[in-house]
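Below you'll find the structure, written out as structure tokens, and then a few comments.
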Amino acid sequence: MSITVRPHVVRGGEMSYEIPHLRALEAEAIHVIREVAAELERGVVLFSGGKDSAVVLHLARKAFWPAALPFPVMHVDTGHNFPEVIAYRDRMVAEIGARLIVASVQESIDNGRVVEDGGPRSSRNRLQSVTLLDAIEKHGFKAAFGGARRDEERARAKERILSFRDDFGQWDPKRQRPELWNIYNGFIKPGEHVRVFPLSNWTELDVWQYVREEGIELPSIYFAHRREVFQRDGMLYATSEFVELLDGEEPFEESVRFRTVGDMSCTGAIRSTAATLEDVVAEIAATRITERGETRADDRISEAAMEDRKKEGYF
Amino acid sequence: MATTGAATNGRPSVGRAAELVRFATAGSVDDGKSTLIGRLLYDTKSIFEDQLEHVARTSLQRGDGYVNLALLTDGLRAEREQGITIDVAYRYFQTPRRKFIIADTPGHPQYTRNMVTGASTADLALILIDARNGVVEQSRRHAFIASLLRIPHLVVCVNKMDLVAFDQEAFERICSHFSGWAAKLEVTDVTFIPISALHGDNVVERSARMPWYEGSSLLYHLEHVHVASDRNLVDARFPVQWVVRPMSDEYHDYRGYAGQVASGVFRVGDEVVVLPSGIETRIAGIDTYDGPLEEAFPPLSVSLRLDDDLDVSRGDMIARPQNRPIEARDVDAMVCWMSERPLQPRGRYRVKHTTRTVLAKADELRYRIDVNTLHRHEDADGLSLNEIGRLRLRLSSPLFVDEYRRNRTTGSFILIDESTNDTVGAGMVL
């Protein structure tokens, strides 16, 4: 990848230095990652295998290059993953040489930390918060990097780049620290931690354009493939051992891809023939529906579904 | 869902490099700010169908009687319940030329801190004036904050022109009032645009209903205002963030100083000085993951390698020997107070400036400034939430600063409460 930054001469022989917006966003994200690494000692990159976390991991590598990543990578594993994503996760971690921590929701269930709802519509999405908070406490992490973006959801539009969590992992939207200029306040008390969102100012399209420019590898389910799916509440879901079909739900084969990566039980597919990065970027540039609105059942629960989950310690 | 072809919706064409521009808006419920933002987002195809449907449904439930675009930005439950914007909301839209980040902030005096926050990174401030009411206290306050935070470009949208029959005189009267006020401030570039956010006049397209107006539409202006030259490319400043030491076989003796260029241009071979040690050396290389660079400039994040093996650590500042920042043990600054716990005279705070954090004592409050009248209250004995004043700080060890007017990065700092860890103040070096 060649850097696309180039100075050029403008009027009067004065130099002007313009950079494309993706380079400005990249520089901001790297600045954030380095600040947090310097001020909060024990960090971890939350890695779901989704495109946003793949970009965060890529930026973290850039931030410390040629040194190795100064923190481990953690996957909160619901046990209901797409197998392609797990294979991708293991491949990426091996390639980078990072240490992988798997925080298992199944273990939280087995230990009685959480209780699964059960039933055909159950999802482990919400249970992840407990597993995540337990893992953060167990490993003593002070900073957890995530790929959340402000354009994803209205509650997130109000969240800081450094988002503070109290001893209970809770987000308090009314007590957020102001963030001015590029100065971040990383002081916390024992028991507290910070969620860090270096992609706060990126849009879905920015992420895809960046993935294309940088040649970042993604799980295959982001690209069009034929798969057995069924329709529920106007969305297409992959058939899997984790989802029970309701009466009248008939599986059929379709050319689909996924716009987000979450649990098999709550992540919808879209009909698509976009099989390459070029096709996907073109598709995203032309879409008229948000990724969460189109593909995430977990955000459809209520008006403030995301805000409520975040207050409980969600990503 | 469309599966082939490039963007057809007025959204960016694929692959084209766009420039990043940040702008701040401030306003209250009635001045049409949300309508204007909604209009910009809608007309640039940045609002998605499901978002619009959601807003329409919620508007109906609330009995608003119209599609209330403010609901797009009011993201928190409390905001929707109370019908007010509490916090800074960030919105994004893109045109083929530029990507815009809007910091959308509430306009009431009790939200001055949110305005200051949104303004701190803005290239441009958008101020709305209701054509029927003219320049009011709130417009003056917004202009003052924009000038205090040194936002280089000001755009004054005289809104609701439809309600004054698109009258040229009404528009010009407001322009001249505002200019009179702006003359007291240090504002360099002001542009006035008569608009109707509700009907779209002069927002994206030039309006046929105001033929007397010869300027460009708001969106055209936002797309073309020259922002690249606003950065300080003269004073080379590089705050060291992190020392890169791989200690691997391949990079055994590698030592890079990672950071984001604050200002100026650094080139390989340049003579530099490391502060506070004062040791002079040269730049041996400028490294990035993507390969070496010949030069680095703001806002790039890079790593500098130096010719000599020096003891350089986080918080140090790399500059040019002939052009150094001020080594300050005392700092005079305009400070906006951001906490419910007022500024304590003689109080002790942490100061975070670039990558360096020191302790400070609030030595002397020279005056508090009335953000509505600019009157200086020299008898002030403290600063409460949202108040702004001129403060002298004594520092436990020196900071390497520039005047904020010259350098928004090395001229700014935050104050942190030692007991709560909250960010309680925003400072601009005088």
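So you know, we letter chains A, B, ... as the sequences are listed, proteins then strands, and number each from 1. Worth knowing before you read on, the calculation uses all heavy atoms, side chains too, and leaves out hydrogens, waters and symmetry mates.
Heavy atoms of A:W208 lying under 4.5 Å from chain B are absent altogether. Interface residue A:A38: backbone and side-chain heavy atoms are both found under 4.5 Å from chain B. At a 4.5 Å heavy-atom cutoff, the contact between B:K99 and chain A is made by side-chain atoms alone. Neither the backbone nor the side chain of A:A224 comes within less than 4.5 Å of any heavy atom in chain B. For B:S313, no part sits under 4.5 Å from any heavy atom of chain A, backbone or side chain. Of the atoms belonging to B:V265, it is side-chain heavy atoms, and not backbone ones, that fall under 4.5 Å from chain A. With a 4.5 angstrom heavy-atom cutoff, A:R61 touches chain B via backbone and side-chain atoms both. A:R257 does not touch chain B: none of its heavy atoms, backbone or side chain, sits under 4.5 Å away. Residue contact with chain A, scored on non-hydrogen atoms closer than 4.5 Å, involves the backbone and the side chain of B:Y90 alike. With a 4.5 Å cut-off on non-hydrogen atoms, B:I414 touches chain A through its backbone and its side chain both.
Of the listed residues (B:D287, B:T354, B:T409, B:V302), the greatest number of heavy-atom pairs within a distance under 4.5 Å of chain A belongs to B:V302. Between chain B and the residues A:A24, A:A37, A:P66, the most heavy-atom pairs under 4.5 angstrom are made by A:P66. For the set B:S339, B:S303, B:P246, B:G259, the entry with the most heavy-atom pairs within less than 4.5 Å of chain A is B:P246.
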Tell me, with the steps shown, if A:H21 and B:R98 meet side-chain contact (heavy atoms from CB on, under 4.5 Å). CA-CA 8 Å; A:H21 80 282; B:R98 282 181 169 173; over 6 Å; no
Apply the test side-chain contact (heavy atoms from CB on, under 4.5 Å) to residues A:K62 and B:D290: give CA-CA distance (whole Å), side-chain angles for both, the deciding distance (0.1 Å), then the verdict. CA-CA 8 Å; A:K62 285 195 167 192; B:D290 301 295; 2.8 Å; yes
A:D206 and B:Y92: side-chain contact (heavy atoms from CB on, under 4.5 Å), yes or no, with the steps? CA-CA 11 Å; A:D206 293 331; B:Y92 306 86; over 6 Å; no
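Between the side chain of A:K189 and the backbone N or O of B:T420 there is no donor-acceptor pair closer than 3.5 Å.
Among the residues in residues 177-184 of chain A, those with a non-hydrogen atom closer than 4.5 angstrom to a non-hydrogen atom of chain B are A:R177, A:P178, A:E179, A:L180, A:W181, A:N182, A:I183, A:Y184.
Summarising the geometry of B:R314 relative to A:E39, their closest heavy-atom pair is NH2-OE2, 3.1 Å, with the distance given to 0.1 Å.
Below 30°, between 30° and 60°, or above 60°: for A:Y17 and B:F297 the angle between ring planes is between 30° and 60°, a tilted geometry.
The distance from the CD atom of B:Q241 to the NE2 atom of A:H31 is 5.0 Å, given to the nearest 0.5 Å.
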